[in-house]
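As a basis for the values below, the full set of heavy atoms in this structure was taken, side chains included, without hydrogen atoms, waters or symmetry mates. Here the structure is a predicted model, which is why all the values come from computation and not from measurement.
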Amino acid sequence: MGKSSTNVNFKLQNLRKENNMSYETVAKSVGICKAYYWQIENGNRRLYYDLALRIARVFDKRPDDIFFEYYNK
């Protein structure tokens, strides 16, 4: 994926670590398996808008705060 997705991946990883959450914790909170979330965070899975919304809610953020660059490539 391009540079903008790398920034999103970095943001996701930082948010997860800042909130002392594991891949599994975030995944359970959004209703997906740990491996799927890991793939999203590492840029190996496509991120769909409905899932972006659920992830943003976990971190008490607006989706644009995390994913704006991803959707505006």
Side-chain angles (χ1 to χ4, degrees):
M1 291 194 167
K3 182 180 178 187
S4 61
S5 65
T6 302
N7 291 337
V8 168
N9 301 53
F10 186 70
K11 286 179 186 179
L12 284 174
Q13 184 179 51
N14 282 339
L15 282 169
R16 181 177 54 76
K17 289 179 178 180
E18 286 170 4
N19 287 281
N20 297 315
M21 299 175 86
S22 66
Y23 291 113
E24 187 172 12
T25 304
V26 177
K28 283 183 179 180
S29 297
V30 298
I32 59 176
C33 71
K34 177 177 122 177
Y36 193 99
Y37 181 77
W38 182 91
Q39 291 173 341
I40 290 169
E41 192 172 295
N42 287 282
N44 299 323
R45 272 293 177 143
R46 184 180 180 121
L47 180 63
Y48 295 97
Y49 189 71
D50 64 324
L51 187 54
L53 289 172
R54 295 190 319 232
I55 292 171
R57 282 188 210 120
V58 168
F59 297 116
D60 197 29
K61 299 278 185 190
R62 293 176 334 133
D64 285 356
D65 294 338
I66 304 170
F67 304 108
F68 181 76
E69 297 167 17
Y70 182 87
Y71 287 105
N72 288 304
K73 288 187 201 182

- Reported CG-to-CZ distance for the pair L15 and F10, which is rounded to 0.5 angstrom: 10.5 Å
- Query: Which distance, rounded to the nearest 0.5 Å, do you find between the CD of Q13 and the CD of E18?
  - Reply: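 Reported to 0.5 Å precision, the distance equals 10.5 Å.
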- Check whether any side-chain heavy atom of R46 sits under 4.5 Å from a side-chain heavy atom of Y48, and report yes or no. yes
- Side-chain heavy-atom pair F59, M21 within 4.5 angstrom cut-off: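 Contact flag for F59/M21 side chains = yes.
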- Could you pull out all residues at least two apart from V30 that satisfy side chain to side chain contact (heavy atoms under 4.5 Å, CB included)?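 V30 satisfies side chain to side chain contact (heavy atoms under 4.5 Å, CB included) with I32, L51, R54, I55, V58 once adjacent residues are dropped.
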- Which residues share a side chain to side chain contact (heavy atoms under 4.5 Å, CB included) with K28, sequence neighbours left out: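 For K28, the residues satisfying side chain to side chain contact (heavy atoms under 4.5 Å, CB included) (neighbours in sequence not counted) are E24.
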- Query: Taking only residues two or more places apart in sequence or in another chain, which ones pass salt bridge (charged side-chain N to carboxylate O under 4.0 Å, His left out) with K61?
  - Reply: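 Per chain and number, K61 pairs via salt bridge (charged side-chain N to carboxylate O under 4.0 Å, His left out) with no residue.
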- Query: What residues form a salt bridge (charged side-chain N to carboxylate O under 4.0 Å, His left out) with R62, not counting sequence neighbours?
  - Reply: D65
- Message: Ignoring hydrogens, what is the shortest heavy-atom contact between L53 and P63? Give both atom names and the distance.
- Response: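 In this case the closest contact between L53 and P63 is CD2-CG, 3.2 Å.
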- Residues which pass side chain to side chain donor-acceptor pair (under 3.5 Å) with Q39, listed by chain and number, not counting sequence neighbours: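 Partners of Q39 by the side chain to side chain donor-acceptor pair (under 3.5 Å) criterion, ordered by chain and then number, come out as R45.
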- With sequence neighbours excluded, residues passing side chain to side chain donor-acceptor pair (under 3.5 Å) with T25: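 Checked T25 against side chain to side chain donor-acceptor pair (under 3.5 Å); matches are S22.
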- Has N14 got more than 12 heavy atoms of other residues, nucleotides or ligands less than 6.0 Å from its CG?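 Counting neighbours around CG of N14, more than 12 heavy atoms of other residues, nucleotides or ligands fall under 6.0 Å, so yes.
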- Message: In terms of relative ring orientation, are Y37 and Y23 parallel, tilted or perpendicular, with 30° and 60° separating the classes?
- Response: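 Aromatic pair Y37/Y23 classed tilted.
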